[in-house]
Amino acid sequence: MAQEHLIVFDTTLRDGEQSPGASMTREEKVRIARQLEKMRVDVIEAGFPAASNGDFEAVRAVAEAIRESTVAGLCRASEKDIARALEAIKPAQSGRIHTFIATSPIHMEKKLRMTPDEVIAAARNAVRFARNGIDNVEFSCEDAGRSELDFLCRIIEAVIKEGAGTINIPDTVGYNVPEQFAERIRLLRERIPNADKVVWSVHCHNDLGLAVANSLAAVMAGARQVECTINGLGERAGNAALEEVVMAVRTRQDIFPCDTRIDTTQIVAASKMVSGITGFPVQPNKAIVGANAFAHESGIHQDGVLKHRETYEIMRAEDVGWNANKLVLGKHSGRTAFKARLKELGMEVDSEQVLNAAFARFKELADKKHEIFDEDIHALMSEDVTTPEHEHYRLVSSRFHSETGETPQASVTLSVGNAEHHAEATGSGPVDAAFKAIESIVRSGADLLLYSVNAITTGTDAQGEVTVRLSKAGRIVNGQGADTDIVVASVRAYINAMNKLSSEPQRLSPQGDV
Ligand code: KIV
Ligand code: ZN
């Protein structure tokens with residue numbers, strides 16, 4: 001049976017980034033976008049250009065870098081937002097404007113303070129304005145999951161007449177359950193006279209843990225675009241996880257009338273990249289991308305899998321990119337091999353300065369650790385290597401002392417702007433002492449919300465990847481650092497977070513007041 005195409009719209013860089021602490025730099029967004037493109041994602045929502053200049057630049061950089069996927073910019077239903085988004089996606093080979101307005105009674109009355117007729121007029125105007133700038137326009141009814149069906153029919157019919165090509169039905173607050181959500185999609189497609197002129201899309205949040213189930217039910221009811229994020233990242237409990245939607249549809253081709261074009265062997269790499277960049281770890285038992293997703297602990301299961309794999313496995317680990325852990329480079333690898341491997345991993349480096357810094361870090365690591373894996377390279381391409389010029393704080397040197405029965409001590413030298421500063425401190429452990437020493441130099445007053453260490457690969461010579469989450473004046477940032485010495489990794493992570501706190505401007509949230 002010829003399968004219909006299920007469009008994968010990835011919003012890791014926009015909705016995913018709305019997770020507190022998950023904000024990404026422009027370079028990080030481009031790196032993720034390249035991996036999404038390699039995975040053959042159809043549409044990459046790169047951000048909300050009207051939110052801030054930083055967001056605008058990031059969307060533009062993604063639009064410049066990506067050639068195979070469509071790049072979308074989100075905008076509220078306002079001409080100003082749309083004009084800004086059109087400008088940001090201009091360099092894209094294929095661009096899309098995604099405009100939205102809230103349609104539920106509670107949002108219209110309490111948030112927008114607009115009447116239903118005013119909302120329809122704003123939506124029509126937004127789509128018309130967007131269509132004057134670009135052919136590919138998507139319209140979303142924010143909080144459609146709690147909107148009145150008759151009103152949805154009215155507004156959707158009107159925006160299709162204005163030229164919207166994709167209609168997205170978000171369950172913004174994750175309130176729906178699968179049967180009811182599917183029925184909603186079915187009814188809208190039946191009742192709206194021009195429904196057959198558009199692609200129907202869904203965008204489900206995970207507040208009740210039903211985002212993937214709701215998305216799949218909607219696909220059964222005729223949706224042909226699913227909006228999702230890597231690892232299910234997103235506002236509050238997150239969005240539908242791309243890897244789960246894609247693998248459910250691929251694995252159950254006996255019941256789904258459509259399939260995606262995703263290269264599933266790229267899924268684990270994408271998951272690790274997003275987790276590394278945002279500092280949001282993946283739980284071990286997470287479907288598809290969790291470390292235990294394909295591990296069999298019980299003897300009965302192991303026995304069954306050894307006799308015949310399909311007794312307990314419905315998917316093959318290698319089909320989603322597990323076991324692709326290649327020994328890539330070593331101590332004797334040269335700059336050319338290193339550059340080529342970066343390219344294969346979707347981390348093309350244009351600047352010589354950045355390449356030199358990354359290669360120097362690689363050589364340093366290869367001296368300590370004989371086998372360098374892809375994961376090590378991902379960690380190595382962290383913020384302080386890729387954007388040294390953006391760094392206000394840089395680690396010059398550090399020294400730690402910890403001994404049984406003695407108080408741990410740390411001394412740290414940082415360059416701050418053009419000056420060097422040195423500080424010493426004691427603490428309950430070397431990491432605590434190091435953070436106190438750094439804090440006595442930078443005096444940020446930030447609160448430490450999270451400190452976590454993860455071994456990047458196996459073995460005691462593995463690099464530890466540290467995530468530090470800091471909060472200051474309502475802003476939350478994550479810093480990452482990796483090193484074979486976890487105290488040094490911790491110091492790098494803290495400094496990385498400090499740099500983000502000192503550089504990232506405040507941004508608007510797309511779902512705030514219009
Ligand atoms: O959850 C939501 O409603 C959204 C829209 C902007 C699509 O993210
Ligand atoms: Zn959303």
Side-chain angles (χ1 to χ4, degrees), residues 7-20 22-23 43-51 55 59 72-78 81-82 84-85 96-108 110-112 119 122-123 126-127 130 136-147 151-152 155-156 159 164-176 181 184-185 188 198-212 214-215 218 223 225-242 245 507-514:
I7 298 169
V8 174
F9 177 116
D10 180 280
T11 183
T12 306
L13 303 180
R14 197 279 297 170
D15 216 324
E17 206 201 16
Q18 286 174 226
S19 296
S23 67
V43 187
I44 298 172
E45 185 161 64
F48 170 42
D55 278 51
V59 175
L74 182 73
C75 18
R76 294 166 295 190
S78 91
D81 269 31
I82 297 168
R84 190 89 176 125
R96 173 181 291 189
I97 286 293
H98 177 194
T99 183
F100 75 97
I101 194 162
T103 50
S104 62
I106 184 167
H107 275 233
M108 290 191 289
K110 307 284 183 210
K111 184 179 88 166
L112 300 177
V119 169
V127 172
N136 192 341
V137 175
E138 169 171 338
F139 175 76
S140 283
C141 307
E142 190 194 0
D143 205 15
R146 292 190 300 170
S147 301
F151 182 65
L152 284 179
I155 191 166
I156 292 170
V159 295
T166 302
I167 297 297
N168 184 38
I169 306 299
D171 184 18
T172 304
V173 291
Y175 179 69
N176 282 242
F181 194 58
R184 182 156 281 246
I185 302 297
L188 289 171
V198 291
V199 172
W200 288 82
S201 167
V202 287
H203 172 115
C204 298
H205 279 270
N206 206 30
D207 299 67
L208 294 173
L210 293 170
V212 171
N214 284 338
S215 304
Q225 174 176 286
V226 174
E227 301 197 354
C228 43
T229 57
I230 302 292
N231 299 339
L233 198 68
E235 282 258 10
R236 308 180 307 279
N239 290 59
L242 178 147
V245 171
R507 345 175 5 229
L508 280 173
S509 160
Q511 282 140 314
D513 288 345
V514 175

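Note that ligands are numbered from 1 as they come in the structure, with each ligand's atoms numbered from 1 the same way.
- Inspection of the Thr229 and Thr12 side chains reveals no N or O donor paired with an N or O acceptor under 3.5 Å.
- A donor atom on one side chain and an acceptor atom on the other are not found under 3.5 Å apart for Asn168 and Gln225.
- Thr11 and Glu45 share a donor-acceptor pair across their side chains, judged by distance under 3.5 Å alone.
- Under 4.0 Å from ligand 1, the heavy atoms of Arg14 that appear belong solely to its side chain.
- Close contacts between ligand 1 and Glu142 involve ligand atoms 3 (O) [criterion: under 4.0 Å to a heavy atom].
- Note on Arg76 versus Glu142: no salt bridge recorded, every NZ/NE/NH1/NH2 to OD/OE distance being 4.0 Å or above.
- When hydrogens are left out, the protein atom nearest atom 5 (C) of ligand 1 is Gln511 NE2, 3.7 Å; that is the closest non-hydrogen contact.
- The CD1 atom of Ile167 sits 7.0 Å away from atom CZ of Phe139, with the distance rounded to the nearest 0.5 Å.
- At a 4.0 Å heavy-atom cut-off, ligand 1 touches His205 through the side chain alone.
- Near Thr172, meaning under 4.0 Å from one of its heavy atoms, ligand 1 places the atoms 1 (O), 2 (C), 3 (O).
- The side chain to side chain donor-acceptor pair (under 3.5 Å) test with His203 is passed by exactly one of Asn214, Asp171, Asp15: Asp15.
- With a heavy-atom cut-off of 4.0 Å, Glu235 does not touch ligand 1 at all.
- Geometry about the Zn ion (ligand 2) gives an angle of 100° between NE2 of His203 and NE2 of His205, rounded in steps of 10 degrees.
- The pair Asp143-Arg146 counts as a salt bridge, with a side-chain nitrogen and a carboxylate oxygen less than 4.0 angstrom apart.
- Considering backbone and side-chain N/O atoms, Asp15 comes within less than 3.5 Å of an N/O atom of ligand 1.
- Put simply, Asp15 gets within reach of the Zn ion (ligand 2), with an N, O or S atom under 2.8 Å from it.
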